[in-house]
Amino acid sequence: MYVCSCFGVTEEQIKQHAESGACTPRQIASQCKAGTDCGGCVRRIQALLGRGGCPRRELLDQGRPAFGAPGPERGPDEAPARLPDAA
């Protein structure tokens, strides 16, 4: 089924992009342009990503890095460490 009729992007293509690491509508747009013309499909893309379309979503929701080496463990109420201010 088509998600983005402006660019002919299907639900299956959105899922494939999500599996390869695109976890937000903006990242999906950078992969296939879906959502960049009329914008009518953005909510549908969000719905697909919100229902397990993104394999890294669980890590991101837990505040853990989705790419690279695992970061330090912290509780759900702890904020991430601040980066030093640039001088």
Side-chain angles (χ1 to χ4, degrees):
M1 176 163 87
Y2 284 102
V3 173
C4 175
S5 57
C6 295
F7 293 103
V9 179
T10 65
E11 186 172 317
E12 186 60 34
Q13 288 172 301
I14 298 293
K15 290 178 182 178
Q16 289 172 354
H17 290 304
E19 287 173 7
S20 67
C23 292
T24 65
R26 184 170 290 186
Q27 291 172 337
I28 294 291
S30 71
Q31 297 288 317
C32 61
K33 296 185 181 180
T36 61
D37 194 26
C38 77
C41 60
V42 173
R43 287 186 188 227
R44 177 75 177 129
I45 293 168
Q46 288 171 328
L48 288 170
L49 295 175
R51 287 194 299 226
C54 181
R56 301 188 219 300
R57 172 129 353 249
E58 184 175 325
L59 291 174
L60 295 170
D61 288 345
Q62 294 173 359
R64 294 170 48 198
F67 297 98
E73 292 294 323
R74 62 178 193 266
D77 296 328
E78 294 180 62
R82 282 194 67 207
L83 294 175
D85 294 329

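In what follows, every heavy atom counts, from backbone to side chain, and hydrogens, waters and symmetry copies are set aside. Because the structure is a prediction, the values reported are computed rather than measured.
- The residues Lys15 and Glu19 are annotated as not salt-bridged, no charged nitrogen and carboxylate oxygen being separated by less than 4.0 angstrom.
- Considering CZ of Arg44 and OH of Tyr2, their distance stands at 15.0 Å, rounded to 0.5 Å.
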Checking Met1 against Thr10 for the side chain to side chain contact (heavy atoms under 4.5 Å, CB included) test, could you report, in this order, the C-alpha distance in whole Å, the side-chain angles of both residues, the deciding distance, and whether it holds? CA-CA 6 Å; Met1 176 163 87; Thr10 65; over 6 Å; no

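- Remark: Gln31 engages no residue in a side chain to side chain donor-acceptor pair (under 3.5 Å) (not counting sequence neighbours).
- A distance of 10.5 Å separates CD1 of Ile28 from CD of Gln13, quoted to the nearest 0.5 Å.
- Remark: Phe7 engages Cys4, Val9, Lys33, Thr36, Asp37 in a side chain to side chain contact (heavy atoms under 4.5 Å, CB included) (not counting sequence neighbours).
- Scored by the side chain to side chain donor-acceptor pair (under 3.5 Å) test, Ser30 finds no partners at all (sequence neighbours excluded).
- Atoms CG and NE2, from Leu49 and His17 in turn, are 11.0 Å apart once rounded to the nearest 0.5 Å.
- Note that SG of Cys32 and CD of Gln16 are 10.5 Å apart. Values are rounded to the nearest 0.5 Å.
- Between Pro25 and Gln46, the closest heavy-atom pair is CG-CG, 3.4 Å.
- Distance check, rounded to the nearest 0.5 Å: SG of Cys41 to CD1 of Ile14 gives 7.0 Å.
- Ser5 pairs by the side chain to side chain contact (heavy atoms under 4.5 Å, CB included) definition with nothing, not counting sequence neighbours.
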